[in-house]
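Reminder, nothing fancy here: chain letters follow the sequence lines and each chain counts from 1.
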Protein chains: 2
Amino acid sequence: MTRRPRIRDVAELAGVAPSTVSVVLNDTEGARVAGSTRDRVRAAAAELGYVPNSLARGLRTQRSGTLAFISDVIATTPYAGQLIQGAQDAAWEAGYLLMLVNTGGDKTLEEHAVRALRQQQVDGALYATMYHRSVTLPRVLDGLPTVLLDSRPAEGATTFVVPDEQQGAQSAVEELVRHGHRRIGFVRDLHDGPAVDRRLRGYEETLTAHGLEVDPGLVVRERSDSAGGDRAAGVLLDSERPPSAIFAFNDQMAIGVYRAAAARGVRIPQDLSVIGFDDLYVVSSELTPGLTTMALPHREMGRLAALALIAERDGAEPAGEMLVPCPVVRRGSVGPASPAAATPH
Amino acid sequence: MTRRPRIRDVAELAGVAPSTVSVVLNDTEGARVAGSTRDRVRAAAAELGYVPNSLARGLRTQRSGTLAFISDVIATTPYAGQLIQGAQDAAWEAGYLLMLVNTGGDKTLEEHAVRALRQQQVDGALYATMYHRSVTLPRVLDGLPTVLLDSRPAEGATTFVVPDEQQGAQSAVEELVRHGHRRIGFVRDLHDGPAVDRRLRGYEETLTAHGLEVDPGLVVRERSDSAGGDRAAGVLLDSERPPSAIFAFNDQMAIGVYRAAAARGVRIPQDLSVIGFDDLYVVSSELTPGLTTMALPHREMGRLAALALIAERDGAEPAGEMLVPCPVVRRGSVGPASPAAATPH
DNA sequence: CTGAAAGCGCTTACAG
DNA sequence: CTGAAAGCGCTTACAG
């Protein structure tokens, strides 16, 4: 393998100075180069297969053309890929490449990693978390343009991109109301957090907006896994006045709702409508009937975050909170409310 | 934010030349520097929070300290994370950072991306695919140390890291034989490929090794999704002499096996044992009973690939084929063979 | 044991 | 319209 050509090789072949090659290949503003010279330079570069060395360029311009993608354990979840994909696509279009680091939530590793990333002169950082939560940025990130992905800053005014949880919950409930449901249960996570808080608010406000009663007895707290969903739905289905529809905090809990229904001979969607959240596709598409659920717009979030980061790096004002809408994905778990709804048989 | 310190700043503070700082901080071989000088340099570096600029270093040393991770659509599958995580961990330990590019299988994009990556002077490339298959490396990669991840080279002697499919199938069948099964069905993918070919061979050879009949009627070809698994298992369960156990090509097909069994009143594992492949955890752990399956060692594969790549970059001979064992993950779908096995009731 | 010089491969004022 | 020079921040022979 022969050595890669340098700018000087192109200059010699074209019979010009290296600086002229640089100016031509970069289309430098305000530099006047004769058309014939341009052509000669371009031809020479093409002939040699010249590709500029980004390290040398970065050293000179103080821009590396790379962005850090730092995440806790995100890359190991099924969603992560979309977040990365979206960020990468937007970065790519703007001429940036992503340097990836997964910290596994280890703060010491995180600090070392950020140091290594800064050493590589990344132009900015995307800081992503596994699910929507509140975080404190590590100090090593100080001074580097940073955008949070799927989390919000516990302090400070860092730009952040998160799903519009409240709108998602609102759309979910409206989907049910539209099908005639009037008593709608909500099986929620045990713990509070940005996601559950906003989904709960969206649920309550939408009920109110439609003149429906907000019955605390219809909201059951449980662990946010399928077993928890099973138990929570059990409480609802076994109550005096069972709901005709259940909105599950997430798809894992929705699996449990299916189980609770099956155990009681309650059919979905004939006797009970179910709507989930997250669109964990391996789950939602494999259930019978398929689960109607709110999708988390990970790809779009990744795109927007990268775009915002690049803009800030280029001097734009921090964008602050960026909410990305969650679209409904209709499968088969929502049907019309029937008078006999949720009555065990 | 004040400008980051350069090596000259450290040198001035320590009262030495920049070259001495470099030698001390890099622990350069064969360079004799007085202990007291070393201490002064280290103290000065620490005081200023000095971090060398990798771009400048890379320009000089012709090593960027970065590795490319190129994949088709891998980052969007649940497995991808582990592959990346393993590669990243190993790279990190060796002082490398990963630059990620997802091509989505687009060859034009791939070519541009590789060019950009080479422009960034990556020291080597990991080329990963979504599932075990045969690939032809793009020419733009010529001359760059490369290791294939989860795929094998259609031509050439590129080092590649893949799961040991045959051993996996062997372990799966032995797990069933150990439980007394003698008639074991195999529901396989419609198409041939490195994975299915080797799993089939492992299945057949293990049966033979145990003196069991290899009945072509026990191998059913279908689409490798749950619907396909459902149909294939149906054929097996409805046959004259149904098997007491089914080995599914992958977990998606295993879901279908569960469905076919349920539809016929065949209980798992009492009447029928099932073992899958892939350990698609969202699936395998949510089924009832939990699915016993062969895990794809993605994390380990990522580790080994990165290690092999770095070794080659450092002058080692290409390692060729690297097989990584697939461990069995026991849940609840394998039980003892019973005489009444798989008899519908 | 330590320092001065050259050079990695670019880009950017600055001359002409 | 084009070229010569300086410099980005390091490391590496080479002197001394």
Give the rounded distance in Å between these two atoms: [atom1] of [X] and [atom2] of [N].
X	N	atom1	atom2	result
B:Q62	C:dC10	CD	P	10 Å
B:N26	D:dA13	CG	P	13 Å
B:L48	D:dG9	CG	P	14 Å
A:L25	D:dT2	CG	C1'	16 Å
A:L55	D:dG9	CG	P	14 Å
A:I7	D:dA4	CD1	C1'	14 Å
A:Q120	D:dC8	CD	C1'	16 Å
A:E12	D:dG3	CD	C1'	14 Å

Practice prompt. Go through the steps to decide whether A:T159 and A:E312 satisfy the test side chain to side chain donor-acceptor pair (under 3.5 Å), and finish with yes or no.
Written response: CA-CA 9 Å; A:T159 296; A:E312 281 184 30; 2.4 Å; yes
Discussion item. As an exercise, state the distance from CD1 of B:I70 to CG of B:L126, rounded to the nearest 0.5 Å.
Written reply: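 Those atoms lie 8.5 Å apart.
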Worksheet, complete the sentence: Between the CG atom in A:L13 and the CZ atom in A:R40, the distance rounded to the nearest 0.5 Å is 10.0 Å
Worksheet item: Watson-Crick or G-U wobble partner for C:dT2, using a 3.5 Å limit on both distances?
Response: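 C:dT2 is paired, partner D:dA15.
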Kindly point out which of [options] is positioned nearest to the side chain of [X]?
X	options	answer
A:R60	D:dC10, C:dC10, D:dT12	C:dC10
B:L59	C:dC1, C:dC8, D:dT12	C:dC8
A:R8	C:dC8, D:dC10, D:dG3	C:dC8
B:A56	C:dC1, D:dG9, D:dA4	D:dG9
B:Y50	C:dT2, D:dC10, D:dC1	D:dC10

Return no unless some side-chain N or O of [X] is found under 4.0 Å from OP1 or OP2 of [N].
X	N	answer
A:R6	C:dG9	yes
B:N53	D:dC8	no
B:T20	C:dG3	yes

Worksheet item: Does the side chain of A:Y50 reach to within under 4.5 Å of the side chain of A:I7, using non-hydrogen atoms?
Response: yes
Discussion item. Side chains of B:L109 and A:W92, heavy atoms from C-beta outward: is any pair under 4.5 Å?
Written reply: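 In contact.
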Worksheet entry | First encountered from the 5' end of DNA chain C, between B:R38 and B:T61 | B:R38
Item to complete: Assign each of B:S36 and A:P18 to its nearest nucleotide of DNA chain C by heavy atoms, then name whichever residue's nucleotide is nearer the 5' end.
Response: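 This one resolves to B:S36.
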Item to complete: Starting from the C-alpha separation in whole Å, work towards a yes-or-no answer on salt bridge (charged side-chain N to carboxylate O under 4.0 Å, His left out) for B:D123 and B:R63.
Response: CA-CA 6 Å; B:D123 294 324; B:R63 292 207 172 203; 5.7 Å; no
Discussion item. At less than 3.5 Å, do the side-chain atoms of B:S19 and the base atoms of C:dA4 form a donor-acceptor pair?
Written reply: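 A donor-acceptor contact between them is present.
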Worksheet item: If you look at every strand shown and take non-hydrogen atoms under 4.0 Å, does A:T37 touch a base, only sugar-phosphate, or nothing?
Response: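 Sugar-phosphate, backbone atoms only, no base.
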